[in-house]
Amino acid sequence: MKTAIRGALLTFKDDPFVRDMQDCMVYEDDAVVVMEDGKIAAVGPAATILPTLPQDLEVTRYTDSVILPGFIDSHVHYPQTEMIAAYGEQLIDWLNNYTFITEQGFADKDHAAEVASVFLKEQHKNGVTSACVFGTVFPQSVDALFEEAANYDMRIMAGKVCMDRNAPEALLDTPQRAYDESKVLIERWHGKGRAEYVITPRFAPTSSPEQLEMLGALAREFPNTLIQSHLSENRGEVEWVKSLFPACRDYTDVYQRFGLLRERAIYGHGIHLSEAELEVLSATGTAIAHCPTSNFFLGSGCFNVKQARDARRPVKVGLATDLGAGTSFSMLQTMNEAYKAAQLSGYALSAGHAFYLASRGSAEALGLADKIGSIEVGKEADLAVLNLKSTPIIEYRMKYARDIHEALFVQMTLGDDRAIAATYIAGRRVWG
C-alpha cells in the first residue's frame, strides 16, 4: 500500500549538540513524503516528488502544519497510566505508597491489556510512535503490551521488571526467575515484527547482587537486546545505593560491575552523576533518558543536558515522559519542562535541540537511528504531523513568529496533544 502526505517538513540529519544547527536541521516549507510497505519510499520538495507519483495516488495535504519524525519516548512505565497525578511524596515513598500497590494489579493479564490499550492510544494521540517501556514483574504484563503494539505494527521496546528485594512480597521474583522469565520473553518477542526486548532491573536497590549477576549473564547471552533501569534520580536513593553496595565506587559502578552498561543500555534520570560517572557512561556507549516532568514532580532535581553532552566525553541522551511520575503523555510538554530544567542549570535549550532529543536523539540513545528518528528514504514510516495553529492563543502567537525556530519554540511551550494533527505508524495513520 502506498500513501503520500504533503506539508512543511522538519527532520535532523546530524547531532546539533556537536555540530552547528544549520548543518543538522533539515526544513522544507513544501515537501511530500511517500510511504510504502511501512517504509519511507520517497521524500523531498513537492515540486520534485509530485510529478513522479501515479496519477491516481491521493496525496493528503496538511496546511499550517509541519511533518516531523514520530516522537520517541525513551523511558516510560505503562503500568503507571492508572496512577498518573498521584499526590505527594518523593521517590522512595512514592514507589512504596503508589507504584508498588498499583503494579500488583498486573498479575491479571486482562487488566494489563486494558491499560496497554489506553496507554498506546494516548501515545498515538501525542505523536509518539515508538517507546522504551517498563512492564511489571509479571511476564503477562509484557505480553499484553507487545500484543497490543502488534495491532499497530508499532516499534515497542519493553521488558519485565526484575526485583528480588526491598519491595512487597507480591512483586518479588528471584535471581533465577528473573533470568528464566526474561529469557522466555526474549525468545518469544525479541525481533518479532517491530518488538524488541529490554532487560529491566527496576533499579539497583531492588535487585540483590545475585540478581544483577544473573541479568548481566543474560545481557551477555543476548548482546543485541536493550537494557534499561534507573540511575541517580534522587539524593536519598544515591545514599541508599552506597549503603547497599559498599564495595562499588559509585552508583554507576554498580551497573558496570555486573555488565549492564553498553551500547543500547539506557538509564532514566542521571541527575546527580559525578564527572567520573559521566566518563564511564560515555566510554561504554550507555545513554541517559532525560525525564524533566518526573524530575520536577518528585522534586528530584534538574538534569543538565549540556553537561552530559560535553563534546570531550559526550553521553547519549534521549527525551522521556517517565509516566506516571511524569505528568504528561505530551512530548511537547516534556520539551517545555526540559527547557525549564536547562534554564535552572544555567543555559537555554533551543527548540531545535529539544525536537532533536525527542526524535533522532532518542533514536541514537536507543541504537535505532538506522531505523527511526528521522525522515529519510528507507527509514520506517513513523511520522507525526504538528498543527501550528491548534489553539486560539497559539494561532494568535504564530502571527508574530519570525522563523521556524521561533515557531517550534512556541509549539513546545504552548502546545499539547491538541497540536498533533495526525500520527502515522509504519505508513498507516493511527490518529487524526
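If you read the sequence from its start, that first residue is 1, and numbering goes on from there.
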Exercise. With a 4.0 Å cut-off, would you call Arg235 and Glu239 a salt bridge?
Worked result: no
Q) Without hydrogens or angle criteria, can the side chains of His111 and Gln140 be said to hold a donor-acceptor pair below 3.5 Å? A) no
Query raised in the report: For the residue pair Phe409 and Tyr339, does the interplanar ring angle fall in the parallel (under 30°), tilted (30 to 60°) or perpendicular (over 60°) class?
Result: perpendicular
Subject >> Side-chain donor or acceptor of His230 paired with backbone N/O of Arg202 under 3.5 Å >> reply: yes
Determine, step by step, whether Asp153 and Arg428 satisfy the salt bridge (charged side-chain N to carboxylate O under 4.0 Å, His left out) criterion, reporting the C-alpha distance in whole Å, the side-chain angles of both residues, the deciding distance to 0.1 Å, and the verdict. CA-CA 9 Å; Asp153 197 13; Arg428 184 167 68 92; over 6 Å; no
Between the NE2 atom in His77 and the CG atom in Asp322, the distance rounded to the nearest 0.5 Å is 4.5 Å
Side-chain touch Val254/Leu231, heavy atoms, less than 4.5 angstrom: no
dist His75:NE2 -> Met157:CE (nearest 0.5 Å) comes out at 13.0 Å
Between the side chain of Gln411 and the main-chain N/O of Leu388, is any donor-acceptor distance below 3.5 Å?
yes
Heavy-atom nearest pair, Gln333 first then Ser328, reads CB-OG, 3.8 Å
* **Between Tyr98 and Glu89: side-chain donor-acceptor atoms closer than 3.5 Å** => no
- [ ] Salt-bridge test for Lys2 and Glu58: reply yes if a basic N is under 4.0 Å from a carboxylate O, no otherwise.
- [x] no
- prompt: Given the rule in the side-chain contact (heavy atoms from CB on, under 4.5 Å) test, do Val59 and Leu53 qualify, once you have shown the distances and angles that lead to the verdict?
  reply: CA-CA 9 Å; Val59 179; Leu53 300 180; 3.9 Å; yes
Checklist entry - So do Tyr251 and Pro205 actually touch side chain to side chain, heavy atoms under 4.5 Å? => result yes
Between Leu260 and Ala265 the two heavy atoms that sit nearest each other are O-CB, 3.8 Å
Distance col, row Ile84:CD1 vs Thr102:OG1, nearest 0.5 angstrom, shows 12.0 Å
Verdict with supporting geometry, Ile288 and Lys316, side-chain contact (heavy atoms from CB on, under 4.5 Å):
CA-CA 6 Å; Ile288 296 171; Lys316 290 180 282 192; over 6 Å; no
Item to complete: Using a strict cut-off of less than 4.0 Å between a Lys/Arg side-chain nitrogen and an Asp/Glu carboxylate oxygen, indicate whether Asp250 and Lys242 qualify as a salt bridge.
Response: no
Original post:
Are a donor atom and an acceptor atom from the side chains of Trp189 and Asp143 found within less than 3.5 Å of each other?
Top reply: yes
Ring-plane angle category for Phe119 and Phe329, please: parallel below 30°, perpendicular beyond 60°, tilted otherwise.
tilted
Between the NZ atom in Lys399 and the CD1 atom in Ile394, the distance rounded to the nearest 0.5 Å is 15.0 Å
Taking every heavy atom of Gln307 against every heavy atom of Asn304, the minimum-distance pair comes out as N-OD1, 2.9 Å
Answer yes or no: is there a donor N or O on one side and an acceptor on the other, between the side chain of Asn234 and the main chain of Glu237, under 3.5 Å? yes
>> Quick one: does any side-chain atom of Asp29 pair with a main-chain N or O of Ala8 as donor and acceptor, under 3.5 Å?
In response: no
Residues Thr293 and Thr334: closest non-hydrogen pair is CG2-CA, 4.1 Å
- prompt: So, Arg360 side chain and Pro69 main chain: donor-acceptor pair closer than 3.5 Å or not?
  reply: no
Q) Looking at side-chain heavy atoms only, is the closest gap between Phe296 and Lys340 below 4.5 Å? A) yes
Is the closest side-chain donor-acceptor distance between Asn336 and Thr413 under 3.5 Å?
no
**Asked** Hey, are Thr252 and Glu277 close enough side-chain-wise for a donor-acceptor pair under 3.5 Å?
**Response** yes
Heavy-atom nearest pair, Ser74 first then Cys132, reads O-CB, 3.4 Å
Rounded to the nearest 0.5 Å, the OG1 atom of Thr136 sits from the CG atom of Leu145 at a distance of 11.0 Å
*Any donor-acceptor pair under 3.5 Å linking the side chain of Asn97 with the backbone of Asp93?*
yes
### Non-hydrogen side-chain atoms of Thr423 and Arg429 separated by less than 4.5 Å
no
**OP:** Return yes if some donor-acceptor pair links the side-chain N/O of Gln104 with the main-chain N/O of Phe100 below 3.5 Å, else return no.
**Re:** yes
Lys39 atom NZ, neighbour heavy-atom count above 12 within 6.0 Å
no
| said: Please check: side-chain N/O of Asp20 versus main-chain N/O of Gln22, any donor-acceptor pairing under 3.5 Å? | reply: no
inquiry  = Working note: Thr286 + Tyr267, criterion side chain to side chain donor-acceptor pair (under 3.5 Å); need CA distance, chi angles, decisive distance, verdict.
reply    = CA-CA 8 Å; Thr286 303; Tyr267 287 80; over 6 Å; no
Rounding to 0.5 Å, atoms CG (Asp15) and NE2 (His353) come to a distance of 7.5 Å
Quiz item: side-chain contact (heavy atoms from CB on, under 4.5 Å) between Thr11 and Leu68: does it pass, once the steps are laid out?
Solution: CA-CA 6 Å; Thr11 188; Leu68 304 168; over 6 Å; no
Is there a side-chain contact (heavy atoms from CB on, under 4.5 Å) between Val128 and Ile72? Walk through the geometry before answering.
CA-CA 6 Å; Val128 175; Ile72 303 165; over 6 Å; no
Does the Ser117 side chain pair with the main chain of Ala113, one donor and one acceptor, at a distance under 3.5 Å? no
Ile375 side chain near Val33 side chain, heavy-atom distance below 4.5 Å: yes
Check your understanding: Can you check whether Tyr424 reaches Met35 side chain to side chain, under 4.5 Å on heavy atoms?
Key -> yes
### Query
Hey, is Asp310 close enough to Arg312 for a salt bridge, meaning N to O under 4.0 Å?
yes
| query | Does the side chain of Arg188 come within less than 4.5 Å of Lys192's, by heavy atoms? | reply | no
- Taking Asp403 for the side chain and Glu406 for the main chain, is one N or O donor matched with an acceptor at less than 3.5 Å? yes
Q. So do Lys160 and Thr200 actually touch side chain to side chain, heavy atoms under 4.5 Å?
A. no
All heavy atoms of Thr129 vs all of Leu383, minimum pair found to be CG2-O, 4.0 Å
Which of Phe355, Tyr356, Phe17 passes ring pair (Phe, Tyr, Trp, His ring centres under 6.0 Å) with Phe12? It is Tyr356
- Query: Under a 4.0 Å N-O cut-off, is there an ion pair linking Asp382 with Arg155?
  - Reply: no
| task | Indicate yes or no: does Glu376 engage Lys371 in a salt bridge with an N to O separation below 4.0 Å. | result | no
